[in-house]
J.: 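What follows is a structure written as structure tokens; I'll ask about it next.
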Number of protein chains: 2
Amino acid sequence: MKLITRHTAYAVGAILFAAKSKQDIISVEEFYKGTRIPKAFLRKILQILSKRNIFSSFKGKQGGFRLRKNSNQISLIDIADIFQEGLKINECFFKKKLCDSEKNCALKKKIDDIERMVVKELESITIASLLNYNKRRRLK
Amino acid sequence: MKLITRHTAYAVGAILFAAKSKQDIISVEEFYKGTRIPKAFLRKILQILSKRNIFSSFKGKQGGFRLRKNSNQISLIDIADIFQEGLKINECFFKKKLCDSEKNCALKKKIDDIERMVVKELESITIASLLNYNKRRRLK
DNA sequence: ACAAATGATACTAATATGGTATCATTTATT
DNA sequence: AATAAATGATACCATATTAGTATCATTTGT
Ligand code: FES
Ligand code: FES
């Protein structure tokens, strides 16, 4: 079904790594060592995340990225929004005819409802909640 | 987000059309007139739906397709299952490393939960419920 | 015999996703 | 001042998925 794409998942991976790290500024190289996400790709993702203020970035020697928000202030929906254009609600699946108008298209209405549910769920999943999940498991 | 693809939506359109029609056997040409879904494509979709026992098909002159199930016995999940391979639950988004093992990957767990929710919702949307929705609107 | 239908299947086109490469710019260090 | 280590911007390529067309074979009513 692909609720999230690899971009999103990788971004989450990078953010999780940064959130766990005690280091302040982390370079792509270091992210790579921690996550094994292909370096060039990872870099592009981090650049985008910087532009969107999830990270701040520092050029030049000793440069890298610093997580800019607290882990409970970042939710999956934020990340998915950045990388998945399609999060916007779909338009008419048909080219009319099936339903008199898009406004009272049963299929569209129902699917839109589900999408809204999914969005709400994604909102509720924060980076912090992911960290916690892992921490809890580790205790057992 | 694309919970359903065009294949699925078209299939639903064709099924709705057949369910509403008083005609018994309907040819692709007639489906086309009713739905304006591209004929060749529609035909392929109907063929697939026949193989999957949603329609029975009749070759030769006066042939076509007859809806084989009652409209409350067909749910969106049935159709989506046929046309969207990806309904199966996703595998690891990464190539390991981020999480120790796929079994206790927080991200995957949470996304899987949402997917199961979506599946349940799709199950609850029957062709009959779509027909009803439209009927109800029309009364106002 | 023929025309009107579907079956099977191969092919093409468009789009979205995933990923790489390169040159420009900035900055800490020496 | 020179250099090396970093990101910024951006163009490009590769792959997969989705969407759609075309064609030949087969069946069947008239
Ligand atoms: S999907 Fe477009 S009018 Fe129903
Ligand atoms: S997504 Fe694969 S181990 Fe977490």
Side-chain angles (χ1 to χ4, degrees), chain A residues 1-11 13-14 23-33 35-66 68 80 82-88 90-91 93-95, chain B residues 1-11 13-14 23-33 35-66 68 80 82-88 90-91 93-95:
Chain A
M1 206 173 321
K2 196 137 75 168
L3 298 183
I4 67 173
T5 64
R6 211 119 109 200
H7 286 87
T8 301
Y10 281 174
Q23 225 180 308
D24 184 36
I25 294 180
I26 306 174
S27 71
V28 169
E29 184 63 34
E30 291 162 326
F31 273 107
Y32 172 68
K33 283 191 190 134
T35 63
R36 293 292 153 180
I37 296 163
K39 224 180 293 184
F41 195 24
L42 182 57
R43 192 174 156 209
K44 197 161 71 169
I45 289 170
L46 286 165
Q47 284 183 4
I48 292 169
L49 289 172
S50 294
K51 266 195 212 150
R52 303 307 214 83
N53 296 322
I54 308 282
F55 284 97
S56 8
S57 74
F58 302 90
K59 287 173 106 177
K61 217 166 173 176
Q62 306 301 334
F65 301 85
R66 173 200 288 143
R68 204 167 174 175
I82 292 173
F83 294 102
Q84 296 169 223
E85 190 52 27
L87 274 188
K88 61 170 188 288
N90 293 309
E91 303 143 29
F93 307 116
F94 302 91
K95 329 215 154 125
Chain B
M1 204 172 323
K2 196 138 74 168
L3 297 182
I4 66 172
T5 63
R6 210 118 110 202
H7 285 87
T8 301
Y10 282 174
Q23 225 180 307
D24 184 36
I25 293 181
I26 306 174
S27 71
V28 169
E29 184 63 34
E30 292 163 326
F31 272 107
Y32 172 69
K33 283 190 190 135
T35 63
R36 293 294 153 179
I37 296 162
K39 223 181 294 184
F41 195 23
L42 182 56
R43 191 173 158 211
K44 198 161 71 169
I45 289 170
L46 285 166
Q47 284 184 5
I48 293 168
L49 289 171
S50 293
K51 266 196 211 150
R52 302 307 214 84
N53 297 322
I54 307 284
F55 285 96
S56 9
S57 74
F58 303 90
K59 288 173 106 177
K61 218 165 175 177
Q62 307 303 333
F65 300 86
R66 173 200 289 143
R68 204 167 174 175
I82 293 174
F83 294 101
Q84 297 167 221
E85 189 52 27
L87 274 187
K88 62 169 187 287
N90 292 310
E91 303 144 29
F93 308 116
F94 302 91
K95 326 209 156 131

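Throughout, protein chains are lettered first and strands after them, A, B, ... in sequence-line order, and every chain is numbered starting at 1. Being a predicted model, the structure only gives us computed values, none of them experimental.
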J.: Check the distance between C/dA8's P and B/Arg52's CZ and give it to me in whole angstrom.
T.: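 It is 13 Å, rounded to the nearest whole Å.
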J.: Remember a base hit wins even if backbone is also touched, and classify A/Lys51 as base, sugar-phosphate or nothing at under 4.0 Å, heavy atoms.
T.: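 Sugar-phosphate: the residue A/Lys51, judged by heavy atoms under 4.0 Å, touches backbone atoms but no base.
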J.: Would you tell me if any nitrogen or oxygen in the side chain of B/Thr5 comes within less than 4.0 Å of OP1 or OP2 on D/dA19?
T.: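 Yes, B/Thr5 has a side-chain N/O under 4.0 Å of OP1/OP2 on D/dA19.
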J.: Between B/Phe58 and A/Phe65, name the one whose nearest nucleotide on DNA chain D is closer to the 5' end.
T.: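 Nearer the 5' end of the strand: A/Phe65.
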J.: Write down the atom of A/Thr35, the atom of A/Gly13, and the distance for their closest heavy-atom approach.
T.: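 A/Thr35 and A/Gly13 have their closest heavy atoms at CG2-O, 4.2 Å.
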J.: Once you round it to whole Å, what is the distance between C1' of C/dT17 and NE2 of A/His7?
T.: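 Roughly 7 Å, once rounded to whole Å.
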J.: Looking at every heavy atom in both A/Leu46 and A/Phe31, which two are closest together, and how far apart are they?
T.: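 Smallest heavy-atom distance, with atoms named: CD1-CD1, 3.6 Å.
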J.: Quickly work out the B/Phe83 CZ to D/dT17 C1' distance and round it to whole Å.
T.: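 These atoms are roughly 15 Å apart.
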J.: Which part of the nucleic acid, if any, lies within contact of A/Gly63, taking any heavy atom under 4.0 Å across all strands shown: a base, the sugar-phosphate backbone alone, or nothing?
T.: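 Result for A/Gly63 = sugar-phosphate.
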J.: Would B/Gln84 and B/Thr8 count as having a side-chain donor-acceptor pair, cut-off 3.5 Å?
T.: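 Checked: B/Gln84/B/Thr8 side chains pair up, N/O donor to acceptor below 3.5 Å.
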J.: Among the nucleotides D/dT21, C/dT6, D/dT28, which one has an atom lying closest to any side-chain atom of B/Phe41?
T.: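 Minimum distance to the B/Phe41 side chain belongs to D/dT21.
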J.: Taking atom C1' of D/dT17 as reference, at what distance in whole Å does atom CZ of B/Arg6 sit?
T.: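 Result: 13 Å.
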J.: Calculate the interatomic distance between A/Leu46 atom CG and D/dA9 atom C1'; express it in whole Å.
T.: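 After rounding, the reported distance stands at 15 Å.
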J.: So which one's nearest nucleotide on DNA chain D is more toward 5', B/Lys61 or A/Glu29?
T.: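 Residue closer to the 5' terminus by nearest nucleotide: A/Glu29.
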J.: Can you check the A/Lys39 NZ to D/dT7 P distance for me, whole Å?
T.: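 Going from NZ in A/Lys39 over to P in D/dT7 covers 11 Å.
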J.: Would you indicate which nucleotide in C/dT27, D/dG20, D/dT28 comes nearest to any side-chain atom of B/Tyr10?
T.: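 Shortest atom-to-atom distance from the side chain points to D/dG20.
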J.: Any side-chain donor-acceptor pair under 3.5 Å between B/Ser27 and B/Glu30?
T.: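 A pair is found: one side chain offers a donor N or O, the other an acceptor, under 3.5 Å apart.
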J.: Can B/Val28 and B/Phe65 be said to form a side chain to side chain contact (heavy atoms under 4.5 Å, CB included), step by step?
T.: CA-CA 8 Å; B/Val28 169; B/Phe65 300 86; 3.7 Å; yes
J.: Considering heavy-atom distances to DNA chain C, does A/Ala40 or A/Lys59 have its closest nucleotide positioned more toward the 5' end?
T.: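 On the 5' side of the pair lies A/Ala40.
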J.: Between atom CD in A/Glu85 and atom C1' in C/dA16, what is the gap in whole Å?
T.: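 After rounding, the reported distance stands at 12 Å.
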J.: Check the phosphate of C/dG7 against B/Ser57, side-chain N and O only, distance under 4.0 Å to OP1 or OP2. Yes or no?
T.: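 Looking at the OP1 and OP2 atoms of C/dG7, one of them is under 4.0 Å from a side-chain N or O of B/Ser57.
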J.: Answer yes or no: side-chain N or O of B/Gln47 and base N or O of C/dG7 forming a donor-acceptor pair under 3.5 Å.
T.: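 Side chain to base: pair found, below 3.5 Å.
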J.: In whole angstroms, how far is the C1' atom of C/dG18 from the NZ atom of A/Lys44?
T.: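 Taking NZ of A/Lys44 and C1' of C/dG18, I get 8 Å after rounding.
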J.: Of all the choices, C/dT17, C/dT20, C/dT29, which nucleotide is nearest to the side chain of A/Gln62 once you look at every atom?
T.: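 Output: C/dT29.
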